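Here's the structure, in structure tokens; my notes come after.
So that the names make sense, note that chain A is the first sequence line, chain B the second, and so on, each numbered from 1. All heavy atoms count here, side chains included; hydrogens, waters and symmetry mates do not. No experiment lies behind these values; they were computed from the predicted model shown.
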There are 2 protein chains.
Amino acid sequence: MRRTPSRRSTLKDIAEEARVSESAVSLALNGRPGVSPATRQRVRAVADRLGWQPSAAARALNGDSTATVGLVLARPAHALGAEFFFLQLVSGIQEALAGRSIGLLFLVVPDLDAECAAYRRWWAERRVDGVLVVDPRDGDPRPSLLDELGLPAAFVGSVPRGEGGSAHPGISSVWASDTRAMAGIVQHLHGLGHRRIAHIAGLPHLAHTQQRMRSLRDEAERLGLDPADVRSIPTDYSRQQGVDATRQVLDTHGARPTAIVYDTDVLAVAGLGVAASLGIEVPGALTLVAWDESVLTGSTHPPLSALVRDTPAFGRHAAEELLALIDGGPARTVEDETPRLVPRGSSGPAPADRGRAPTGRAPTRRAPTGRAPTRRAPTGRGPTPG
Amino acid sequence: MRRTPSRRSTLKDIAEEARVSESAVSLALNGRPGVSPATRQRVRAVADRLGWQPSAAARALNGDSTATVGLVLARPAHALGAEFFFLQLVSGIQEALAGRSIGLLFLVVPDLDAECAAYRRWWAERRVDGVLVVDPRDGDPRPSLLDELGLPAAFVGSVPRGEGGSAHPGISSVWASDTRAMAGIVQHLHGLGHRRIAHIAGLPHLAHTQQRMRSLRDEAERLGLDPADVRSIPTDYSRQQGVDATRQVLDTHGARPTAIVYDTDVLAVAGLGVAASLGIEVPGALTLVAWDESVLTGSTHPPLSALVRDTPAFGRHAAEELLALIDGGPARTVEDETPRLVPRGSSGPAPADRGRAPTGRAPTRRAPTGRAPTRRAPTGRGPTPG
DNA sequence: CTGAAAGCGCTTACAG
DNA sequence: CTGAAAGCGCTTACAG
């Protein structure tokens, strides 16, 4: 059943046509010394005419590069929060790879174990020259594994330290400061008069989730906010948990937060839906901020104030670091731009504080708000469906 | 600078350990006849102990499979409309590939020419066993190219016919009926009393865009609608063009449509924003339908009525057809489920028709509506920013 | 049932 | 500057 494909030409074909040895052809085509300019030119011409391209397999078998880098996305079916971010990242990675005709071997697996197994397999099969690693996490087993395999790797995000804070010599990373980004948000909100801030966070074991939670606490403390008025609630990035967590912080018996920071666009949009269904005006009664701007954050009413960064560039930089490492360069840790908060429509001054006394702890009675919390949105529809 | 990686074991290592020849090891490990059960078992045990995996390069060099399939996404920077669809598709493709340890070589390029160049290069470099092709288009050069190269291919969507309607013997396809899906929408809207329907479509050269436009016309004619009351407006899938096209159809001097069908979630959300900014109630005064349900269509207020299908399954089926073709099976054309309309909140009965006489053409004066078209949304904010 | 040999398409020392 | 040879890790006829 198999069709006979057009015949591919090989070094041998070129050697015969150009009437030189195969090795001369190899040297000529690879721009290495050992052939006369005249021969080189003649060989090049023949190769072009035959449409020759080096066999990736043959090259790889010689221990040369496979001209392929790998990227594994461990993505449980329910955690779809990072799609926009991810496709933009890949798009940037491709920009860096395209110039050197390097392919991206892409794999989606359900969990971290499968991801590690994939690295082992790719290494044993000699399928990739190196890998790009996303979602650094607490106690991350991947840096040690990749070092052990000798597989060059570039982390998108800081490389988690091993035991004893040991660095990993064969691993580069490109990172952006979640700490400073969160501190910037807190300062901005504080400047607008907000004193009670909630943070609907992502998966708790991811390094950047922890950095954001810690930064929120630290910055709030530095600004003199009451620790009880600042809280992070982790989620699995699903819309449903975004809804639940938002409801939880808004439905509190103590003083309600006047601002909520969301770790993704999906969570923030879910939160906006909850606010609408509770009749809480945004930004009049509640300020919302989303971590990554996207088509989602720009499509709501009001559009969501969001952290902006050049995600394709982030991916491009990571890929460039990986290629440099594969080429034999030293492992590097490079800081990328810190995401900056761009106010759109969902953030504003804190509402007059009727929920608590000017000093001391908040009263435990329910905080009255401008609109009754149980009032439904104008359409009479319920909250965002999960 | 290069680190010394852990040593990979080879057939030779196994042969020495098991004290048999390399060829015996090869036969044993590949489950082929020619070795005794005892030898086979011993060889297997040694291979497992050494953590042996076949070298992808060596296998490929033998003319065997590369255990890789390719997927190229020609994606101009401004056409980001299909992201959710695409990641779901890839996720489904991976499900089919994972079971057989086949990798997905993934490439993002700016345009069709670059895509074709990529196929040629992959073929010449013997990098993939076959390719998955998305976005069939009018006058598509890819079927002929892939046939010429003898590169097995599976289209996601119908394969466009060549000149003279010739089929392509080496190409499979998995398709869903855009024609019937659109007809279903039109019937649904007609049943709700809608008589003026607009269609904000995607890129006009894509085959499915044309099928949807044609189906809209045909079904409207079949139902006796006035052709002048039914129109499709192509876009580049960008939010901005979604806004512009929506404004254009709503701001008409003739009778305004009472229902708009959008080819993607992004376009539909943009359209909902325009309606809000014009003070047009959805679904009271205007019904909106989006082609593919997503986290976007579920996050708006009201949530958007949308076409639902199992996109991961669609991708999985396409990948399965490709693998069957690579294995030497016949090319097949398989129809997948037709997307079905699931009403959420953005669709409802057509408003009482005050815009035109019961018979004959619509008057050319501006159609009065329940709310003045220039009235702003309650927040006083403008339309969705572009 | 098993081993020795040739070959896939390339690269790389090593002689001339 | 150029050719003949060996080898990368595997598979596949072909003899024994």
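The residue B/Ser23 sits close to a base: some heavy atom pair falls under 4.0 Å. Residue contacts shown for B/Arg32 are limited to sugar-phosphate atoms, with no base heavy atom under 4.0 Å away. The residue A/Gln53 sits close only to the backbone: its heavy atoms come under 4.0 Å of sugar-phosphate atoms, none of a base. Note on A/Pro33: nothing from the nucleic acid sits closer than 4.0 angstrom, heavy atoms only.
Contacts between chain B and DNA chain D, taken as any atom within less than 4.0 angstrom of a protein heavy atom, begin and end at D/dG9 to D/dT12.
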Discussion item. Test side chain to side chain donor-acceptor pair (under 3.5 Å) on B/His205 and B/Asp138; report intermediate values, then the result.
Written reply: CA-CA 6 Å; B/His205 56 261; B/Asp138 208 41; over 6 Å; no
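Between B/Arg59 and A/Glu125, no side-chain nitrogen of the basic residue sits less than 4.0 Å from a carboxylate oxygen of the acidic one, so the salt-bridge criterion is not met. With salt bridges taken as basic N to acidic carboxylate O contacts below 4.0 Å, one links B/Arg100 and B/Asp327.
Between B/Ala58 and B/Leu27, the residue anchored closer to the 5' end of DNA chain D is B/Ala58, taking for each the nucleotide with the nearest heavy atom. Along DNA chain D, the nucleotide nearest to A/Val20 and the one nearest to B/Pro54 differ in position, and the one closer to the 5' end is contacted by A/Val20.
D/dG3: Watson-Crick or G-U partner is C/dC14, with both key distances under 3.5 Å.
Residues A/His168 and A/Leu146 form no side-chain contact, since every pair of their non-hydrogen atoms from C-beta on lies 4.5 Å or further apart.
Put simply, the side chain of A/Arg126 never gets that close to the backbone of B/Ala56: no donor and acceptor are under 3.5 Å apart.
Contact detail for A/Ser55 and B/Leu61: the closest heavy-atom pair is OG-CD1, 4.3 Å.
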